[in-house]
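Notes follow once the structure below has been shown.
So you know, we letter chains A, B, ... as the sequences are listed, proteins then strands, and number each from 1. Predicted model, so just to flag it, every value in this text is computed and none were measured.
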Amino acid sequence: MIVRFGFVAMSLVVQNASPSRTQTYAGFSKLDDRDAAIRRLERLAEENLSNTLRILKHCRAHDIRMYRFSSKLIPLATHEALAGWDPFEALHAAFREVGDYAKKQDMRVSFHPDHFCVFSTPRPEVLANSIRDIVYHVRMLEAMGLDERSKNNIHMGGAYGDKETSAERFVRQFGELEDRLRHRITLENDDKTFNAKETLAAAETVQVPMVLDIHHHAVNPGDTGEEELTEGLWPRIAETWRKERERLGLSSEADLPPKIHASSPKHVSDPRGHADFVSAEPVVSFLRRAARTSAALDCMLEAKHKDAALFRLMEDLKELESRGEGVKVLDGGRVEISPF
DNA sequence: ACCTGTCAAGTCTGG
DNA sequence: CCAGACTTGACAGGT
């Protein structure tokens with residue numbers, strides 16, 4: 001199985017390259033020239049996009065083929081008070097340049113709208129905000145000129161005291177989204193409410209691919225044991241991706257491999273928190289089992305130290321390779337994992 | 001230059 | 001019923 005690794009949003013290696021510079025609404029409304037204030041937001045967005053491009057070039061230089069964009073590329077993008085503002089016109093060229101570069105380097109890119117995007121919510125205004133947030137993220141992918149292989153990963157949301165009803169509400173409300181939005185979404189198991197089995201059931205029902213977070217699974221496994229995860233759930237998760245490839249007319253698993261997230265617990269007292277780095281052994285242990293089913297897989301690292309954690313993991317993988325642990329570091333940032 | 005409280009947004013818990 | 005925790009990088013205002 002061929003595995004590629006990626007990291008999230010910012011680089012700890014490239015200096016002064018934040019893709020998430022912003023402005024508070026309090027600061028924005030203090031400026032009395034509204035046009036100038038809006039131009040300032042657009043200037044910040046251009047700076048964020050130009051730093052995003054710098055990070056993509058850094059990825060290319062280090063054979064990193066997977067990256068998650070910051071959701072904060074455009075400051076105050078979905079704020080109520082800026083509802084009439086369309087930043088995409090001014091940012092057209094900047095978005096296109098980022099997208100063109102990602103395509104040229106054949107990078108897998110994505111977004112991860114954060115916890116304000118909740119399709120299980122019983123509150124109509126929260127649902128409306130969630131749709132607005134998804135539209136914002138989809139418009140960014142479209143402005144980059146990226147096809148539907150590039151997606152926005154979300155969680156199902158809260159349980160509100162009744163997880164079953166909540167899951168049904170998720171399926172109903174999510175199902176009402178137009179195809180243009182639905183085809184841009186993946187579903188991920190979370191660390192305290194919807195576990196891997198429940199998330200997979202929902203993903204199968206609404207027909208979107210599922211992203212498996214193996215750290216979330218470790219702290220929120222439900223009744224799913226390790227054996228059932230790799231022998232029972234993983235083949236079904238891989239199948240959600242096969243269906244998506246079929247829908248997109250892609251023939252090879254390498255064209256859109258299943259995706260997982262990996263991170264390590266911050267501390268025994270805070271097992272849900274993300275550690276600075278990622279321990280290689282538990283990840284390799286999962287990958288070797290997944291390799292029974294899959295020929296390709298992409299793994300997003302969610303570590304505090306971002307790309308620095310990725311570089312350290314690659315060094316640790318080389319160490320495992322030298323000990324004959326079923327790992328082989330290839331060129332192009334790819335790692336070959338042998339099944340066991 | 002550095003430190004600390006705050007930030008647009010949601011949900012859950014505990015008092 | 002409401003305040004605070006959760007989580008995160010960066011702003012904003014202070015020294």
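The gap from the C1' atom of dG5(B) to that of dG4(C) amounts to 15 Å, rounded to the nearest Å. Between dA8(B) and dG13(C), the distance separating the two P atoms is 12 Å to the nearest Å. Separating the P atom of dG10(B) from that of dA10(C) is a span of 23 Å, rounded to the nearest Å. Across dG9(C) and dC12(B), the matching C1' atoms stand 24 Å from one another, rounded to whole Å.
The aromatic rings of H155(A) and H216(A) sit tilted relative to each other, their planes meeting at an angle between 30° and 60°. Between F69(A) and F111(A), the angle of the ring planes lies from 30° to 60°, which puts this pair in the tilted group.
Distance, I74(A) CD1 to dA8(B) C1': 16 Å, rounded to whole Å. As a whole-Å value, the separation of D133(A) CG from dA9(B) P is 13 Å. Look at CD1 on I131(A): it is 15 Å from C1' on dA9(B), rounded to the nearest Å. In this entry the distance linking CG of N129(A) with C1' of dG10(B) reads 10 Å, nearest Å.
Contact annotation for A9(A): no contact, since no heavy-atom pair falls under 4.0 Å across all strands. Contact annotation for T121(A): backbone-only contact, meaning every heavy-atom pair under 4.0 Å involves sugar-phosphate atoms and none involves a base.
Ion pairing of R65(A) with D298(A) is absent here, as no side-chain N (NZ or NE/NH1/NH2) approaches a carboxylate O to less than 4.0 Å. A salt bridge links R242(A) to E246(A): one of the charged nitrogens lies within less than 4.0 Å of a carboxylate oxygen. Checked for salt-bridge contact, D331(A) and R334(A) meet the test: a charged N lies under 4.0 Å from a carboxylate O. Electrostatic pairing of R149(A) and E244(A) does not count as a salt bridge here, judged by no charged N lying under 4.0 Å from a carboxylate O.
Using a distance-only test at 3.5 Å, with no hydrogens or angles considered, no donor-acceptor pair links the side chain of T78(A) to the main chain of D133(A). Panel note: side chain K304(A), backbone F277(A); no donor-acceptor pair is recorded below 3.5 Å. No donor-acceptor pair closer than 3.5 Å links the side chain of S285(A) to the backbone N or O of E281(A). A donor-acceptor pair is defined here as one N or O able to donate and one able to accept, closer than 3.5 Å; such a pair exists between the side chain of D255(A) and the backbone of S252(A).
Residues passing the salt bridge (Lys or Arg N to Asp or Glu O under 4.0 Å) test with K318(A) are E315(A), sequence neighbours excluded.
Hydrophobic clustering (ILVMFWY, side-chain heavy atoms < 4.5 Å, transitive): L212(A) and V208(A) are in distinct clusters.
Among pairs with a residue in residues 26-40 of chain A, those fulfilling side chain to side chain donor-acceptor pair (under 3.5 Å) read Q23(A)-R40(A), at least two apart in sequence or across chains.
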Could you go over nucleotides 13-15 of chain B and give all protein N or O partners under 3.5 Å, atom names and distances?
none

Distances under 3.5 Å between protein N/O atoms and the N/O atoms of nucleotides 3-5 of chain B, please, pair by pair.
none

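Secondary-structure annotation of DNA chain C gives the stems B:1-7 with C:9-15, B:10-15 with C:1-6, with a stem taken as at least 3 successive Watson-Crick or G-U pairs whose two distances both fall under 3.5 Å.
Put simply, Y160(A) has no side-chain N or O that comes within less than 4.0 Å of OP1 or OP2 on dC12(B). Distances shown here put a side-chain N or O of R123(A) below 4.0 Å from the OP1 or OP2 atom of dT11(B).
A distance of 8.0 Å separates CG of L12(A) from NZ of K306(A), quoted to the nearest 0.5 Å.
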Q | Sequence-aligned protein contact record of nucleotides 3-12 of chain C, with B where the base is within under 4.0 Å of a protein heavy atom and S where only the sugar-phosphate is | A | ----SSSSSS
